[in-house]
Every structure is written in structure tokens, then in C-alpha cells.
Protein chains: 2
Amino acid sequence: MGADMEGGTSLNRPDFEQADAWIATAPSSQSESFLNAVLVIRRIVAEHHDRPSLVSRVACEVGAEIVENIRQSGEDLSSVELAERYETSRTPIREALLLLEKEGLVRIPQRRRPHVAVLDIAEAREIYRVRAVLFGAVASDAARLRTDADLESLREQLARLSAAHDAHDLSAYLWANVEFYNRLTMAAYNNTAKRILDSLLLRTLRLRRLSLTQPTRRERSMAHHVQLLAAIEEQDAPLADVLIRSNHLHALAALEQLYADGGVPLPMRSRRRRRQAAAAA
Amino acid sequence: MGADMEGGTSLNRPDFEQADAWIATAPSSQSESFLNAVLVIRRIVAEHHDRPSLVSRVACEVGAEIVENIRQSGEDLSSVELAERYETSRTPIREALLLLEKEGLVRIPQRRRPHVAVLDIAEAREIYRVRAVLFGAVASDAARLRTDADLESLREQLARLSAAHDAHDLSAYLWANVEFYNRLTMAAYNNTAKRILDSLLLRTLRLRRLSLTQPTRRERSMAHHVQLLAAIEEQDAPLADVLIRSNHLHALAALEQLYADGGVPLPMRSRRRRRQAAAAA
DNA sequence: TCGCCAAATAATGTCGACAAATATACGAGC
DNA sequence: GCTCGTATATTTGTCGACATTATTTGGCGA
């Protein structure tokens, strides 16, 4: 999806330049990253909506916009605006927003406009703590239960991760990372845990790109993945557990740093962008 | 399972005798247990719906019926039926069902009737494993972070638990147990973890009563709580961790036993109860 | 000029209706 | 008698409309 023309209305995704700031190297990978976001979100939020229903389409797209920081934290998500934009009634929009609320990307207060959920450092801390513990258990299980096919799948993904790392392609690295964790959780054969981890991942995905901006963080992350896969190959469950927990705590520390330095662009106090009287279809 | 009488309309809560089978001693605590279920569900599913909105009312009541095994596993939850029963349109019903789906009590396949989620042993196993790990971390945190007020609250609740145990009141014991865990998770000051644990608890609440039917299980559970509180009082985080994990694994073992013995009344293959033309208002 | 209160505006929650899709009942064929 | 295909009957997904409730605009007073 390229430039959203129709220059006047504020309905289009704004400030692409801002998004640019996070894409370190490959400028053309913007839309590709967005597509990745849509795919991941579809996997997580619309897993049961097998067929491309209306609500799943809206949920995926809006969710991707949030994850890609096209919609800023706290920004209003008026159901009528979205209904106009997707040329549908408000009922499916409402349901899509409910799906996104379930994943923690959107908040829907009673009788108030839904808005993009804000992720303060306290909540991020909580999420990372939970993820660390759960991921530890999952990695531990994966180390014990993984099949050869799982192992092969993980190796393959690690190669992609490494390639993205070498190419200094931040966006590619990010999504390869997500997919690596996806395969890892699958290897533990615990769908309940996977669901929870996926949901928690989604919540912090907005910050992930920020955190990986730091080169030292990326180095550490890459090294970590190599170690982790080795531990799983050797079926060293305790080591896998400790490794992944440690990595999460480091990632959290990096995030705390970013928040402390004001590197997180989040404020935006819920003032609604004025709707222009938009023309026809 | 008991007689599915289908006397007049099948819209009312049926087979109270069936519920009776699980209430070991106090026959009058039936409705009280239902009320407890409603309260707990309101706390969990409708936490943001502060004001008593329509959807929260429906969600709480239907959810309570599921948890109390008044609605059987797999039973259809037609939105028109519910709309009739609550004298409202289908829109709020739909949203209420979505809320319950989010908590795993209901499944809503596309273009098919929603139905009470079935909880097979595999999923129960997954849930208990996740809960064990997460609860371990939470208990660990609680041991370190608990304030004196938290401690007092836990002691008080343990007393109630003990009283219910001495009175052989299964239902009271069950709900006191739920509240004890609620206070415990609060003492860890991690709302994300609490939310997840609450949701997982809700999913297994239906089975909990079954599991506690076994007297030895109740003895063990009671003893466990005493030990756990002691560990938290002494700020022995590792001990709290191990204790709660161990308890969960024992509970799971009891469940496996029940499933193996066919003690779980769950089957019911989604055939819809025939609607009778119900009369006026 | 700034802050508080009231009218006006816009958004949400709910409703009843309709089209598409599914589940049920009925009847034919073996 | 039982299984399979077809017609009927519900049911879901979506829509546009309305009442109620927030939000914003505009006015008044200090």
C-alpha cells in the first residue's frame, strides 16, 4: 500500500516521515513491514476468522497501523470515521475494535471514543516480566519436546535473522525475530501458552522497533538467539530457560533506558483529529 | 448428567438437581454459589464496564451459568434465544458473547452458532501448566513485595477458607479459594499477570468443583494454603514458588484422574435444544 | 483576558430489518 | 430400514436509524 492520496482529509495515515525515522536502512521496506504487521496480526487476532471477513480485515489493518506507529498512542479511533473509511457500517467496526481491545492494542471506555492503548513504562515492565517467566517455561519445554522438524524450522529462521542482521535491515530483523519466537513457541506444543505470549508480544511490538534501534541491543539479541538455539539443540532445558529470561530482562532494561531518555514518542493526549467534510466515493 | 427435562420452555436454568450433586453439604448455598460466580465473573470480564451496562449483565449471568455447569459444555448459545430471554436486541448479546469468548468460556465460530467452550483434558493440562509457572512467579513476587496490609488480607481469607473447610462446605471452600488467590495475585502488584491468571482461572472453574470433590484433594489444598501463607509471611520467595507450583501439579493430577475415570460429564455434542414457542411477557 | 456555564454538535449504545448462509426436516433411492 | 440429496426454516452478519450521553462551541461574568 503506497501513498494514501486524497491529500486533504486527515483519514489517511499521516506522517510517514516519522515512521521513516525508525527504519534505519531500507527505505523501500516500509510497506513490506506493514504487510508483515498485517500478517502477524491476522495470525494472532483473527486466528479463528479463517475466511477474510470484514471485521478481520479491519482489525488487521487498524492493528497493523497501531503496531507500525502510524496511529499514535492515545489517538482516537472513532467508529464512524473508521466506518466511513472502510465503507461499511459501524457494527463490524465495533467488533473489530473489540478484537483489538482483547489483544490490548485498543481501549474502549464506556460511552467514550475508543483510542489506541497507551503503553506506559509500568505496564511494559509488567508485560516483560510475565513474558520472561512464560517464555522461560516455553523454551524449557521446547528444549525437551522439539522434533527434528522443529529444529530445522528454527535453524532456517535463525539464518534469516542472521541475514537481516548482517544487512543492517532493522525492519527485516524485527519481523524475523517475531517469526523466530513464533516457531519457538510452536515447538513447545502448548497452545495456551502460545496464545498468551502472542498477545503479550503484540502489545510491545510498537516499542520493539525502538528498542532494537540501539546497535548494542541488536548485537546482544543476535548472540542470544544463537545461544538459545544451541541450548535447544542440546536439549538443555534449564539453560534455555535462563537464556531467554535473561534476554528479556536485558530487553526490558533497554526499554527503561529509552523511556528515561524520553526516546518514546508516546504522549498525545487523545485530542481527536478534526474531521474534514470528506467528499464522495 | 441429570434429567434434561425440557418441561416447558428450556430457557430457564434447567436441572438444579444436577448442580446439587456437586454441592456436597449445604443445599441452600446453591443460589449463593451462583451469586459468587456472577461477582467473580464481573470482576474479571467486566472490569472496565464499571457501570451496570446491558452487555455486562448478560455476560456475567451467562458466564456464571457456564461456570456453575448450568449450561453444559458444547451447548449452543443462540443469540436470538438469549435476546429473547434478556428482552433485548441481538447486538448487546453478541458483544456479551464476545467478552465471554475472550475469557475462553464461549466459542464463536464464523457463521455458526456460538456455544459453550468445551474443555478437553489436553487444554486443561496446558492451562494448568501455564498457571503453575505464572502463579509461581506471582507468589514469588508476592513474598517479596507484600505489604503488611496484604498479609493481613491473606490471613483473613485463609481463616475463611479454613472455616469453610471445617464446615465441609464445598461451595464456600471453592469461592474462598478463588478469593484467596485473588488477594495473593494482588499482593504481587503485577496487573498484567493478574489478568492472565484470572482469565485462566475462569476457564477451569467449571472443573474446580469436580476436582475438590475428592476429600484428600481438599485436605491437601488446605494444608497447601497454610504452608503458602507461611512462606509469604517469611518472605521466602523460592519456597512460595515451589509450593504453588507443586500444588497446581497435584491439582492437575487429580483432574487427569477424573477425566480418566469419566468423572467429567462433558460430552454433549452441540445439538441445540428445541425452542418451544414461548408465551408472553 | 481568562475561566466557568449552557446550547449545540457529534459520538456511542441499542434497536428492528434484511440478505446470505447454515442447520434442520422431509422425501426419494437403494 | 437407512443414507443421501433437496426444500424449508432458523440464524448469523450487516445495515441504517434513533435515543442517550459525551464533547465541543459559544457566551457570560469576573
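Since this is a predicted model, take the numbers as computed values, not measurements. First the proteins, then the strands, lettered A, B, ... as listed; each starts at 1.
Toward the 5' end of DNA chain D, the nearer of the two residues B:Pro114 and A:Arg90, judged by each one's closest nucleotide, is B:Pro114. Each of B:Leu77 and B:Thr91 was assigned the nucleotide of DNA chain D with the nearest heavy atom; the assignment lying further toward the 5' end belongs to B:Leu77.
For B:Arg57 and B:Glu61, the salt-bridge test passes: some basic side-chain N is under 4.0 Å from an acidic carboxylate O.
Atom CZ of B:Arg203 sits in a crowded spot, with more than 12 heavy atoms from other residues, nucleotides or ligands closer than 6.0 Å.
The distance from atom CD1 of A:Ile93 to atom P of D:dC15 is 9 Å, rounded to the nearest whole Å. Counting to the nearest Å, the P atom of C:dG16 and the CD atom of B:Glu87 are 11 Å from each other. When the P atom of C:dT14 is taken as reference, atom CG of B:Leu98 falls 13 Å away, rounded to whole Å. The distance between atom CG of A:Leu97 and atom C1' of C:dT12, rounded to the nearest whole Å, is 12 Å. Here the P atom of nucleotide D:dT12 and the CD atom of B:Gln110 are 14 Å apart, to the nearest Å. One interatomic measurement links the two molecules: CG of A:Asp76 to C1' of D:dT24, which rounds to 13 Å at whole-angstrom precision. Residue A:His115 contributes atom NE2, which lies 13 Å from atom P of C:dT12 at whole-angstrom precision. Across the protein-nucleic acid pair, A:Glu84 atom CD and D:dG16 atom C1' stand 14 Å apart, rounded to whole Å.
Looking at the side chain of A:Leu54, the nearest of the listed nucleotides C:dA11, D:dC15, C:dG16 is D:dC15. Residue B:Arg111 has its side chain nearest to C:dA21 when only C:dA21, C:dC15, D:dG16 are considered.
Here B:Arg112 reaches the OP1 or OP2 of C:dA23: one of its side-chain N or O atoms lies under 4.0 Å away. Considering only side-chain N and O atoms, B:Arg113 lies under 4.0 angstrom from the phosphate OP1 or OP2 of C:dT24. OP1 and OP2 of D:dT10 both lie 4.0 Å or more from every side-chain N or O belonging to B:Ser78. Within the structure, a side-chain polar atom (N or O) of A:Ser79 is placed less than 4.0 Å from OP1 or OP2 of C:dT12.
Of the inter-residue distances, the one linking A:Leu207 atom CG with A:Thr213 atom OG1 reads 10.5 Å to the nearest 0.5 angstrom.
At least one cation-pi condition fails for B:Arg131 and B:Phe135: the charged atom is not both under 6.0 angstrom from the six-membered ring centre and inside a 45 degree cone around its axis.
For the side-chain contact (heavy atoms from CB on, under 4.5 Å) with A:Lys194, the lone residue among A:Val138, A:Asn182, A:Ile44, A:Leu134 that qualifies is A:Asn182.
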